[in-house]
K.L.:
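Questions regarding the structure given below will be posed in turn.
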Number of protein chains: 2
Amino acid sequence: MVKRVSFGHAPCPVARALDVIGDWWSLLIIRDAFDGVRRFSEFEASLGIAKGILASRLRNLTEHGILETAPASDRSAYREYLLTEKGRGLFLVIVALRQWGEDHLYRPGEPRSSLINTETNEPISRLELRTGDGLPLSWAGTRVKKVDAA
Amino acid sequence: MVKRVSFGHAPCPVARALDVIGDWWSLLIIRDAFDGVRRFSEFEASLGIAKGILASRLRNLTEHGILETAPASDRSAYREYLLTEKGRGLFLVIVALRQWGEDHLYRPGEPRSSLINTETNEPISRLELRTGDGLPLSWAGTRVKKVDAA
DNA sequence: ACAATCTGGTTCTATTTTAGAACTAGATCT
DNA sequence: AGATCTAGTTCTAAAATAGAACCAGATTGT
């Protein structure tokens, strides 16, 4: 056995996505980044992650163009990690995970964080998949078409 | 160091979700299940996963109520693994990952599978987050409210 | 200006997880 | 009945993770 199995060239976009961000920590780092966390030590404190793991994950996410480094906004000599456009594209992945977690992973009354519309201060509405006509579409109304050229 | 860090009691639903399905294989198993894969040997062949890992993942997903076993539909003595309602709730997580992968992980013209509306045979439309008024809502219009009771 | 502390790492070791091969009991096919 | 298939378990080697220790450069306090 060589290294971990790679899905980097799979024809399935889900597999490719998981090849990049499918480990235990990456999506939590990205969640924190959406939440305004920028500096190495902030990620470390927020996540309780070992420094070595954090360094390797930040490196990987940066290499994949999900994070980029920039001079720190407080004009110190340090750098900070920011989401790129590609990284911000993961917002709905985080939202979908959040809504599923809220639905299935809490006992009634257990405290939890929630995602709020800044304008209204109301919890955001549910993600939904819709047809071209705006009708709700569940997994049962879909299928995977094996492979085709883009 | 003891075991892998656990987020099973985190106040953040994203962390709890990743504690259950945040490894390299679980979401691929679930993707296959959405795609109609049911039997141990089918998952094994489809994923190229080691038997031991597959067995432990199926056990974990079953313990968490995402999969359940049922007598095989072909009336053999074997069992099959089916998504529960909780498991089907992960559909939008898969869709979000798929759309992000399609957007950012392929070079032009590279072959890929795609998700089709069974009725129309057209690719499904994009997931979007909307306000109560039906207006598009991006991550910039949201914030995480720390903790509250449900 | 100098010492103390903070930041963002790297390195080291122990433990855990993963990959893959070999093996197995029971079910099914011929 | 014998061969093969199914759904695993067990074994070993390699890789990843956790945590502690260490370190150079930046910053802060005096």
Side-chain angles (χ1 to χ4, degrees), chain A residues 1-10 15 18-29 32-33 36-64 67-82, chain B residues 1-10 15 18-29 32-33 36-64 67-82:
Chain A
M1 171 203 4
V2 272
K3 325 190 55 164
R4 224 205 67 236
V5 170
S6 162
F7 318 119
H9 298 92
L18 291 171
D19 194 60
V20 177
I21 51 150
D23 67 283
W24 291 105
W25 289 110
S26 290
L27 278 170
L28 288 173
I29 291 170
D32 272 5
V37 172
R38 298 168 165 224
R39 297 266 293 249
F40 189 96
S41 56
E42 291 181 296
F43 286 109
E44 195 187 351
S46 166
L47 295 169
I49 187 176
K51 286 168 169 238
I53 312 280
L54 177 58
S56 84
R57 287 298 174 276
L58 290 173
R59 197 180 308 125
N60 182 254
L61 290 171
T62 304
E63 280 169 6
H64 279 93
L67 298 176
E68 62 190 347
T69 54
S73 44
D74 61 1
R75 300 210 312 292
S76 70
Y78 300 115
R79 291 176 309 161
E80 53 188 33
Y81 294 89
L82 300 173
Chain B
M1 169 206 3
V2 274
K3 326 190 54 164
R4 221 203 71 234
V5 172
S6 163
F7 319 118
H9 299 92
L18 290 172
D19 195 60
V20 178
I21 50 149
D23 66 283
W24 292 106
W25 288 110
S26 290
L27 279 170
L28 287 174
I29 291 170
D32 271 5
V37 171
R38 300 167 162 222
R39 298 266 295 248
F40 189 95
S41 56
E42 290 181 296
F43 286 109
E44 195 188 352
S46 166
L47 296 170
I49 187 179
K51 284 165 170 246
I53 313 279
L54 178 58
S56 85
R57 288 298 175 278
L58 290 172
R59 197 180 307 124
N60 182 255
L61 291 171
T62 304
E63 279 167 6
H64 279 94
L67 298 176
E68 63 190 346
T69 52
S73 45
D74 60 0
R75 299 209 314 293
S76 71
Y78 300 114
R79 292 177 308 161
E80 54 189 31
Y81 294 89
L82 300 173

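Keep in mind the model is a prediction, meaning the values are calculated, not measured. Every chain is numbered from 1 and lettered A, B, ... according to where its sequence line falls, protein lines coming before strand lines.
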K.L.:
Rounded to whole angstroms, how far apart are CZ on A/Phe7 and P on C/dA19?
P.N.:
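Spelled out: CZ on A/Phe7 to P on C/dA19 is 8 Å.
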K.L.:
Which residues pass the side chain to side chain contact (heavy atoms under 4.5 Å, CB included) test with A/Ala55, not counting sequence neighbours?
P.N.:
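Testing A/Ala55 for side chain to side chain contact (heavy atoms under 4.5 Å, CB included), a comparison that skips the adjacent residues, returns A/Phe40, A/Arg59.
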K.L.:
How long is the line joining CG of B/Leu28 and P of C/dT18, in whole Å?
P.N.:
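My rounded result for the distance is 13 Å.
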K.L.:
Have a look at the helix from C/dA1-D/dT30 to C/dT30-D/dA1 and give the angle its two end axes make, five pairs each, rounded to 10 degrees.
P.N.:
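Helix axis angle between the two ends: 30°.
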K.L.:
List for me each residue that meets side-chain hydrogen bond (donor to acceptor under 3.5 Å, both in side chains) alongside B/Glu80, sequence neighbours excluded, and say none if there are none.
P.N.:
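If we apply the side-chain hydrogen bond (donor to acceptor under 3.5 Å, both in side chains) test to B/Glu80, skipping adjacent residues, the hits are B/Arg38, B/Ser73.
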K.L.:
What is the distance, to the nearest angstrom, from the CG atom on A/Leu58 to the C1' atom on C/dT7?
P.N.:
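The distance from CG of A/Leu58 to C1' of C/dT7 comes to 14 Å, rounded to the nearest Å.
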K.L.:
Sequence neighbours left out, what passes side-chain hydrogen bond (donor to acceptor under 3.5 Å, both in side chains) with A/Ser56? Give chain and number order.
P.N.:
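By the side-chain hydrogen bond (donor to acceptor under 3.5 Å, both in side chains) rule, A/Ser56 matches no residue at all.
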K.L.:
Applying side-chain hydrogen bond (donor to acceptor under 3.5 Å, both in side chains), name anything that partners A/Thr62, two or more places apart in sequence or on another chain.
P.N.:
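side-chain hydrogen bond (donor to acceptor under 3.5 Å, both in side chains) list for A/Thr62, sorted by chain: empty.
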K.L.:
Given atom CG of A/Leu54 and atom P of D/dA20, what is their separation to the nearest angstrom?
P.N.:
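Distance, rounded to whole Å: 16 Å.
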K.L.:
Without decimals, in angstroms, what is the distance between B/Tyr81 OH and D/dA7 P?
P.N.:
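The distance from OH of B/Tyr81 to P of D/dA7 comes to 8 Å, rounded to the nearest Å.
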K.L.:
Could you work out, with salt bridge (Lys or Arg N to Asp or Glu O under 4.0 Å) as the rule, every residue matching B/Asp19, not counting sequence neighbours?
P.N.:
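Partners of B/Asp19 under the salt bridge (Lys or Arg N to Asp or Glu O under 4.0 Å) test: B/Arg4.
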K.L.:
Which ones in residues 37-50 of chain A lie close to DNA chain D, meaning a heavy atom under 4.0 Å from one of its atoms?
P.N.:
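Per residue number, the list reads A/Ala50.
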K.L.:
With a cut-off of less than 4.0 Å, is there a side-chain N or O of B/Arg59 near OP1 or OP2 of D/dT9?
P.N.:
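For D/dT9, OP1/OP2 do have a side-chain N/O of B/Arg59 under 4.0 Å.
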K.L.:
Donor-acceptor pairs under 3.5 Å, side chain of residues 21-29 of chain B to any protein atom, not counting sequence neighbours: which ones?
P.N.:
| from | atom 1 | to | atom 2 | distance (Å) |
| --- | --- | --- | --- | --- |
| B/Asp23 | OD1 | B/Ser26 | OG | 2.5 |
| B/Asp23 | OD2 | B/Trp25 | N | 2.8 |
| B/Asp23 | OD2 | B/Ser26 | N | 3.2 |
| B/Asp23 | OD2 | B/Arg57 | NE | 2.6 |

K.L.:
Which letter, B, S or -, goes with each nucleotide of nucleotides 21-30 of chain C from 5' to 3', with contact meaning a protein heavy atom under 4.0 Å?
P.N.:
-----BSS--
K.L.:
Quick check: closest heavy atoms across A/Ser76 and A/Ala72, and the distance to 0.1 Å?
P.N.:
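Result for this residue pair: OG-CB, 3.6 Å.
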K.L.:
Report the distance from atom CD1 of A/Ile53 to atom P of C/dT16, rounded to the nearest whole Å.
P.N.:
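Those two atoms, CD1 and P, are 15 Å apart.
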K.L.:
Could you pick out which residue, A/Asp23 or B/Ala55, lies toward the 5' side of DNA chain D when each is mapped onto its nearest nucleotide?
P.N.:
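The residue closer to the strand's 5' end, by nearest nucleotide, is B/Ala55.
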K.L.:
Round to a whole Å and report the spacing from CH2 of B/Trp24 to C1' of D/dA15.
P.N.:
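So the CH2-C1' distance, B/Trp24 to D/dA15, works out to 12 Å.
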K.L.:
Dump the pairs, protein N or O against N or O of nucleotides 28-30 of chain D, anything under 3.5 Å, distances to one decimal.
P.N.:
none

K.L.:
Apply side chain to side chain contact (heavy atoms under 4.5 Å, CB included) to A/Thr69 and list each qualifying residue two or more places apart in sequence or on a separate chain.
P.N.:
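For A/Thr69 the side chain to side chain contact (heavy atoms under 4.5 Å, CB included) partners, ignoring immediate neighbours, are A/Arg79, A/Tyr81.
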K.L.:
Kindly compute the distance separating CG (A/Asp32) from CG (A/Leu47), expressed to the nearest 0.5 Å.
P.N.:
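So the CG of A/Asp32 and the CG of A/Leu47 are separated by 4.5 Å.
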K.L.:
Rounded to whole Å, how long is the line connecting atom CZ of A/Arg79 with atom C1' of C/dG9?
P.N.:
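About 10 Å, once rounded to whole Å.
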K.L.:
Sequence neighbours left out, what passes side chain to side chain contact (heavy atoms under 4.5 Å, CB included) with A/Val20? Give chain and number order.
P.N.:
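For A/Val20, the residues satisfying side chain to side chain contact (heavy atoms under 4.5 Å, CB included) (neighbours in sequence not counted) are A/His64, A/Ile66, B/Trp100, B/Leu105.
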